[in-house]
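Per chain, numbering begins at 1; letters A, B, ... match sequence-line order.
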Amino acid sequence: MSGTFRLARRYIGYHRVRTAILLACIALTIYLPVATRLGINQFQRRAIRRAQSTPLVIGAKGSRFGLVIHALHFRGDPPEAITMAEVDGVDESGLAEAIPLLARFQARGHTIAGTTARYYEFRQLSIARGGPLKRLGDCVLGARVARVLGLGPGDRLLSEPENVFDLTGPSPLNMSVVGVLNPARSADDDAVFTDLRTTWLIQGIGHGHDPLSGETDSDDQQHQHKASKANLVQSAEVNDENLHTFHFHGEPDTFPLTAIIALPRDEKSETLLMGQYLSQETAAQALKPVDVVGELMEIVLRVRRLFDIGTVLMGLVTALLVALVMLLSLRLRSAEMEMMFKLGCSRTTILRIQAAELGLVLAVSMMIAAVFLIGTAAILPSLIDRLIG
Amino acid sequence: MIEISNLEFQYGDADFRLRIPQLSVAVGEKVAIVGPSGSGKTTLLMLIAGVQVAERGAIRVGDRSVAKMDDAERRSFRISNIGFVFQEFELLDYLTVRENILLPFLINDDLKIDANVQAAADQLAESMGIAGKLSRHPKRLSQGERQRAAICRALITRPRVLLADEPTGSLDPVATDQIVQLLLVRASEIHATVLLVTHDHRLLGQFDRTIDLVECQAAGAPAEAS
C-alpha cells in the first residue's frame, strides 16, 4: 500500500497546476454550502434569540418586518412615528410596562437610540467604562461603536443631520460621551444610547440659547428666527453654561417615538394588550417579534432550500468535471498503465493507484475546506453581529 | 530455458497470425530477434512474458508452462522472472530516476524495498554510468541516460529472462552500441537469458544467435544464424 500512495503522492505533486485546480474546485464545492449553512444557522439563532427576549413591540401600522427589525436591531428605515401618548396608554392599561424608543438619527454611521433607563435593565446592559447618562446631551456608546470610532468617556460625538440639504433643519448635536457599555453581542453594541430628551433635541423639538445673547422665549417669533439662523453656522452643544436654557416646545404627549417595547405582566395581559391593537381604528400595531422573525426565517429557509438545490447541482457538475478529468487522465496515461501491467502490476493495483490519487486530492480538498470553515466559523459571529446585531 | 512448440496466436480478427512450430533458447543465451515490421517480434515477447496468451501450443520458461497459468500466476511469474526494456524507455516523468529503477517494487505488494534493494539500485546505476542522476527526473536526462535507467529498472529484480523490444530504436549509433554492450554485460552478470528485438543488423555480432522470425515461421524450425 505504501508504494501505491507513494506513486499517487508523486503524481499529484508533480502535476501541481492540474492538482491545484482540482483542489480549488472540490474545496469550494465543499466549503460554499457548509459555510452558507453555518452562516444561516448562526443568523437564525442570533435573530431568534433577540426576538425571543423581546415580548412585544408596538409601533406605527405598516411593514411588520420593518417595525420588528427596527425595534430589535435598529436597522432599516425608521417606521412612521407614534407618540408618547402610546406609552402612557400602555402604562395606564396596567397590562404591560412600556419602554419607549426613538431611533431615527445617526452619529457617524451608528444609530442613536433614545430610550429610558429601563431599557438597559431589560437588555442587561452594563457600563464597562465611564458612567451612565447624567444630563441632556450625554450619550453612552455600544462596545463596537466605541472600538470602531475610537471614542471613550470625555470624547464628543456629533449627530448627523437627517437631511444635509435642509439648511433650516435642526442643528447637529455635539454629544458628550460619558460611558461605554460592555459587549452584549447584539445590536446594542452598534448603537449610541441617549435619553429620549436628547433625541428630541436632535430632532429639533427642543433647543437652548446662548446665555450671553440675552435672548428669551418672550417673543416667540423672534426666538424661532434666531434658532433657525443659528443652524447655518454651528452645531448645538449642551454644557454647564447653557444647560438651563434648553427647553422643549409642545405637549410631551405628542413627542415622537419610533417604537415601544412592551413587557406584559403575564400571558393573559399580553393577549389583552395585543387585542387592543387589533382594531382597524388604532394607528399603531402590536407585534410578537418571535412570530414575525419566525415568518422571516421561513422565507430564509425557503431561500436556503433553493440554494441547497443549487449546491447539489454545483456538486454534481463538479463531480462530473472531476470524473471527466480522471477519465481523460486515464486515457492519457494508458501507455503508463500498460507498461506497469507488463512489469507485473495487477489491474487492481493500477486502479488502487488511481483511487489513491483521487483519495488524496479529496482528502487535501477537505482539509483546505475545513481550514477555511474553521476560519469562517471564527469570524462568523462578528459578521452576523454586523449584519443584524 | 525457453521452449516454444506449435505456438499460434492472432489478435482478434487481424489478418496476421503468428505461428512458431518450434523454438528453443538456452539458459543465459543472448538472442537477437529480427524480422520486418508486423512479423510478430513484439508479440512473441509478450507471449513469452505472459502478457498475451497463446491460442494453441506451449511456452515453457524454465520448468513453468506460461500457457497454463491464470492471470495472477502470470503476473507473479513476470515479477519474478521477466525484465522488460522498451523502445521508448517508458520511464515515469513524475518519479525520480531512483524511483523509476525501483518501480517494480513500488507496484507490487509482494516486493519490499529494503537496504539491499536500495544498494542494488545504487550499484546498478553506478555500473550503467548514471549514479549521479538518481535524484533527477527523466525529463532532465539524455536519451541514452533514460535507456540506461530503463535497463536498470529491468534488471533490479534480477530476472531470469530479459526481454528488450527495440531498446535502441530511439538512440544514435554511438549510444546504441554502448547501451547494447552494457545491457548484455549486466545480463551476463546475473546469468539472464536475453531476447532482444532489433532492426539494426550492426548489432547482431554481439549476440550468441539471431532468430529471423519470418524464416522461423516458414521453416517450422528455429533458424540458425551468425
For this session: Take R136(B) and T96(B), measure what side-chain hydrogen bond (donor to acceptor under 3.5 Å, both in side chains) needs, and give me the verdict at the end.
Result: CA-CA 5 Å; R136(B) 291 191 183 176; T96(B) 61; over 6 Å; no

For this session: Please report the C-alpha distance between I4(B) and V25(B) in whole Å, then the side-chain angles of each, then the deciding distance to 0.1 Å, and finally whether the side-chain contact (heavy atoms from CB on, under 4.5 Å) criterion is met.
Result: CA-CA 9 Å; I4(B) 297 174; V25(B) 180; over 6 Å; no

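With a 4.5 Å cut-off on non-hydrogen atoms, I113(B) touches chain A through its side chain but not through its backbone. Contact of R153(B) with chain A is made through the side chain alone, with heavy-atom distances under 4.5 Å. Neither the backbone nor the side chain of D71(B) comes within less than 4.5 Å of any heavy atom in chain A. Heavy-atom distances place the side chain of L92(B), and not its backbone, under 4.5 Å from chain A. With a 4.5 Å cut-off on non-hydrogen atoms, E99(B) touches chain A through its side chain but not through its backbone. For S346(A), the parts lying near chain B are the backbone and the side chain together; criterion is any non-hydrogen pair under 4.5 Å.
Side-chain contact between N81(B) and V161(B) is absent, with no heavy atoms from C-beta onward closer than 4.5 Å. Within the 4.5 Å cutoff, the side chain of L196(B) has no heavy atoms near those of the D165(B) side chain.
Contact count versus chain A (heavy atoms, under 4.5 Å) is highest, among L106(B), L91(B), L102(B), for L106(B). Options H15(A), R333(A), E336(A) differ in how many heavy-atom pairs under 4.5 Å they form with chain B, and the most are formed by E336(A).
Exactly one residue among V290(A), D291(A), V293(A) makes a side chain to side chain contact (heavy atoms under 4.5 Å, CB included) with V68(A). That residue is V293(A).
Within the cation-pi definition used here (under 6.0 Å to the ring centroid, within 45° of the axis), R347(A) qualifies as a partner of F341(A).
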